[in-house]
Amino acid sequence: MKILTYGEIMDGGASVFHSVAKLDGERLFVTFEGVIRIDNPYRYLEPYLQELDKTLPDQTVGECVIDFAQLRFCNSNGFYVIMDIVETVYRHVKGNITVRRVRDDDWQQETLPILLNLDEDAIASRTAFEEVRAL
Amino acid sequence: MTETPTDHARDDASSAANAPRANVSFVVDVGPLSSVVGDLPTVVAEFSLALVGLFYPSTLAKKANVVVTELVQNIVENVLDPTSHGRVSLAIDGKDLVIAVTNAATDEAAAKVRAKIDSLGTPAEAKKLLAQTIRERRPQRLKGGLGLIRLVAENRFTLSCAHSDGRLTVTARYPLEG
């Protein structure tokens, strides 16, 4: 497993959120873990976004999983940065994408599809959900 | 007679169905708001998540977490009078989860909140509005404007507000029967 890049949010001296892009052969995993509660997540995640945009075009990706199963909370200030990360992945990965999400989480069931931009046929046709139980 | 695991399961299910629902409530009153230096929304929201989660399923505790986060965030981002207090209450009376926040607000600010709440409509309509608002505000990464919509669209709360003596109370209500 090769770590391509990662970003994290620190709060009160501790890491409260991290997102990691990693490659296992031709399988790309982009994971979200922790909580996004801060006022301006771009302050921490802008370099990650830039690195993701720079790194992904150089990779050979056959399969992609975006995993939200361990993202426990996201305030509305975190919506745009989630959109930017996801959009970057969709822009550089040409094939189908599996989105892992928690079955009984209101945010992941109701709002996440909006952030993924599933209203666009080109996105919806490449997206499959894998529903999981909360860990 | 020997008890089987099925008997235990039946007894547990029966007692759970017959058990009275827990009454849970708290009030947090903080002020002056100028003295708030830490992350008040997180502190109160995570307390709500833990407290509700002690008595009710995690799905309800998560709803409390989202509502308290967004409403208290609105208080700390819209301080009209730094000497004033903010108040947060949460109550579950066995029938509804009710969360209310109160802070100082001008007539104009209260009218804006009322207009926003009136515009939300049903959860399905609010969901369309959430998508539209995200699309409109994203290019400038504009903060705010999503919290109240989210509470209806995503978490299916009913919102109301009242303004008196210069203080605005926004109330979010969710029926436990869904």
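A quick note: this is a predicted structure, and the numbers were derived from the prediction, not measured.
Both the backbone and the side chain of R137(B) come within less than 4.5 Å of a heavy atom of chain A. For chain B, the nearby part of D119(A) is the side chain; its heavy atoms alone come within less than 4.5 Å. In this structure, the portion of L115(A) lying under 4.5 Å from any heavy atom of chain B is its side chain and not its backbone. Looking at K62(B), only its side chain comes within 4.5 Å of chain A, counting heavy atoms on both sides. Contacts of D104(A) with chain B are made by both backbone and side-chain atoms, with heavy-atom separations under 4.5 Å. For a residue to count as touching a neighbouring chain, one of its non-hydrogen atoms must lie under 4.5 Å from one of that chain's; by this rule R150(B) touches chain A with the side chain only.
Ion pairing between a basic and an acidic side chain is recognised when a charged N comes within 4.0 Å of a carboxylate O; D106(A) and K63(B) show such pairing. Under the 4.0 Å criterion applied to side-chain N and carboxylate O atoms, E87(A) and R138(B) are assigned as salt-bridge partners.
In this structure the side chain of V66(B) never reaches within 4.5 angstrom of the side chain of W107(A), judged on heavy atoms. Counting heavy atoms from C-beta outward, I114(A) and K127(B) have side chains that approach closer than 4.5 Å. Side chains of E110(A) and R156(B) form a contact here, defined as non-hydrogen atoms less than 4.5 Å apart.
More than 12 heavy-atom neighbours from other residues, nucleotides or ligands sit within 6.0 angstrom of OH on Y42(A). At most 12 non-hydrogen atoms from other residues, nucleotides or ligands lie less than 6.0 angstrom from CD of E108(B).
To the nearest 0.5 Å, the span separating CG on N75(A) from OG1 on T42(B) amounts to 7.5 Å. In this structure, N65(B) CG and F73(A) CZ are separated by 4.5 Å, a value rounded to the nearest 0.5 Å. Separating the CZ atom in F79(A) from the CG atom in L130(B) is a distance of 6.5 Å, to the nearest 0.5 Å.
Below 4.5 Å, heavy atoms of chain A meet heavy atoms from T69(B), E70(B), Q73(B), E77(B), all part of residues 69-77 of chain B.
The residue among Q109(A), R72(A), E46(A) with the most heavy atom pairs within less than 4.5 Å of chain B is E46(A).
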